[in-house]
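In listed order, ligands and their atoms are each counted from 1.
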Amino acid sequence: MIRVGINGYGTIGKRVADAVRAQPDMTVRGVAKRSPDYVAVGAAEADYPVYAADEDRADGFREIGIDLAGTADDLVAESDVIVDATPSGVGAENRPLYERHDTPAIFQGGEDATVAEVSFNARANFAEAEDADYARVVSCNTTGLSRFLAPLHETYGIDKARVTLVRRGGDPDQTGRGPINDTVPDPVSIPSHHGPDVQTVFPELDIDTIGLKVPTTMMHVHAVNVTLEDDPDGVDDVRDLFRAEDRLLTIPEYAGIDGAGTLKDFAMDAGRPRGDIWENCIWGESITLQGRDLYCMQAIHQEADVVPENVDAIRALTGLLDGPESRSLTNETLGIDLGRLCGRENLTAEQRPTERVSSDD
Ligand SMILES: NC(=O)C1=CN([C@@H]2O[C@H](COP(=O)(O)OP(=O)(O)OC[C@H]3O[C@@H](n4cnc5c(N)ncnc54)[C@H](OP(=O)(O)O)[C@@H]3O)[C@@H](O)[C@H]2O)C=CC1
Ligand SMILES: O=C(OP(=O)(O)O)[C@H](O)COP(=O)(O)O
């Protein structure tokens, strides 16, 4: 059993902890956080050993009845691998602590790519992390783009990708984030950081990205245009390629899912923990082919899509399983089952989204 320490127990950390707990080959050694708040109480109630990230605040935990298991330093010493899910920039400050204990670590996408030897996506470059001590799971948007681009890159080749990212303003617990009544170019300069970040996974890929922020906490939405090198054999060829991917959910027209709100409602109806959607959600009707130009729209649940990637990164760093085996086990244990979620195997030709434009036209 690999002992996993989670340093930083917020939006990402608490989800990764629950996902690690669901695996048969790893266990949560403990979780570290700074503030003795409702999330700390939740961790203790979930029977995770709680460690204080900041020793000065240790008494605050005791005052609310949480018996601390130690400090972050102790957690690192007692773990085989650390998942660092602290806020952007803190991970890089923590790296010397992991080096001191000779403990491999996984960082998150808010860190600069230089924090680790490899920027990781389980679908695109699992094997590159197998010899690494430090890996960075790329951000939620970059994870969504990497999963989407990998099969296109392998099957047709990519001449150029252009993506407009409509980014959620903040997560539901980020009460101070915005905008609350605006649509804001973010960043106003082009490209946004996402294109260069995708290139940390696909170094040769030609990609430009533009970002905007909008007043929602639900999900990010991407409008994608990819100019392929080779002609697909019609739009159904592309649809079938996406359907064969384990973490790409093609939303069928009959589902009536017309936005991020219905997607979240759908996830909660499906019994997903915290309403989490670990998969990219591609609107089937939006998949459009004009010659070699592929268009479509996808939604990315920012709180969730990196969670299975962290589990897979743990296996890559520790050599537990290879990429396909790890993805398959992670999918099975978390319940990533697209057929069950959207009735994929029941789709008839008539039920499939109508082709608006096809290369055959
Ligand atoms: N939220 C998102 O949508 C996504 C975030 N990411 C990336 O994941 C990382 C974490 O983000 P997120 O989960 O949103 O962050 P949160 O702010 O939700 O959680 C951060 C956690 O780290 C703790 N923390 C703060 N400072 C320290 C410290 N010095 N040492 C140890 N722990 C500390 C916080 O403790 P406390 O709360 O007790 O103060 C909190 O538990 C970032 O790199 C981010 O860019 C990636 C994909 C999506
Ligand atoms: O990793 C994320 O987004 P990103 O891919 O836009 O960097 C998370 O949604 C965090 O984004 P934030 O930097 O807007 O909090």
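- Of the options Ala85, Gly13, Gly8, the smallest heavy-atom separation from atom 20 (C) of ligand 1 is shown by Ala85.
- Proximity to Cys140 (heavy-atom distance under 4.0 Å) selects the following atoms of ligand 1: 47 (C), 48 (C).
- Residues Leu241 and Tyr156 are in side-chain contact: their nearest non-hydrogen atoms beyond the backbone lie under 4.5 Å apart.
- Separation of the Phe242 and Phe148 ring centroids falls under the 6.0 Å cut-off.
- Less than 4.0 angstrom separates atom 34 (C) of ligand 1 from none of the non-hydrogen atoms of the protein.
- Considering backbone and side-chain atoms alike, Ser139 places every N or O at 3.5 Å or more from each N or O of ligand 1.
- Heavy atoms of Arg168 found under 4.0 angstrom from ligand 1 belong exclusively to the side chain.
- When the options Thr86, Asn310, Asp305 are ranked by their closest heavy atom to atom 10 (C) of ligand 1, first place goes to Thr86.
- Geometrically, ligand 1 and Ile12 share a nitrogen or oxygen pair separated by less than 3.5 Å.
- Using cut-offs of 30° and 60° on the angle between ring planes, the pair Tyr98 and Phe107 is tilted.
- The ligand atoms of ligand 2 that sit less than 4.0 angstrom from a heavy atom of Arg168 are 8 (C), 9 (O), 10 (C), 11 (O), 12 (P), 14 (O), 15 (O).
- In this structure, Arg136 pairs ionically with Asp197, as a charged nitrogen and a carboxylate oxygen lie closer than 4.0 Å.
- Within the 4.5 Å cutoff, side-chain heavy atoms of Arg15 are placed close to those of Arg274.
- Here the heavy atom of the protein found nearest to atom 27 (C) of ligand 1 is Arg34 CD, 3.1 Å.
- The part of Asp171 lying near ligand 1 is the side chain, judged by heavy-atom distances below 4.0 Å.
- The ligand atoms of ligand 2 that sit less than 4.0 angstrom from a heavy atom of Lys213 are 14 (O).
- Put simply, atom 15 (O) of ligand 1 has no protein non-hydrogen atoms near it, under 4.0 Å away.
- Side-chain contact check for Asn310 versus Gln108: some heavy-atom pair is nearer than 4.5 Å.
- The distance criterion of under 3.5 Å between nitrogen or oxygen atoms is met by Thr11 with respect to ligand 1.
- Here's the thing with Lys33: one of its N/O atoms is less than 3.5 angstrom from an N/O atom of ligand 1.
- There is a path of hydrophobic side-chain contacts, each under 4.5 Å, that joins Phe202 to Val224.
- Comment: Lys213 does not engage Asp182 in a salt bridge, judged by the lack of any side-chain N to carboxylate O separation of less than 4.0 angstrom.
- Between Arg3 and Asp80, at least one side-chain N (NZ, or NE/NH1/NH2) sits under 4.0 Å from a carboxylate O, which counts as a salt bridge.
- At a 4.0 Å cut-off, not a single heavy atom of Lys14 sits close enough to ligand 1 to count as contact.
- Only the side chain of Arg177 comes within 4.0 Å of ligand 2, counting heavy atoms alone; its backbone N, CA, C and O stay farther away.
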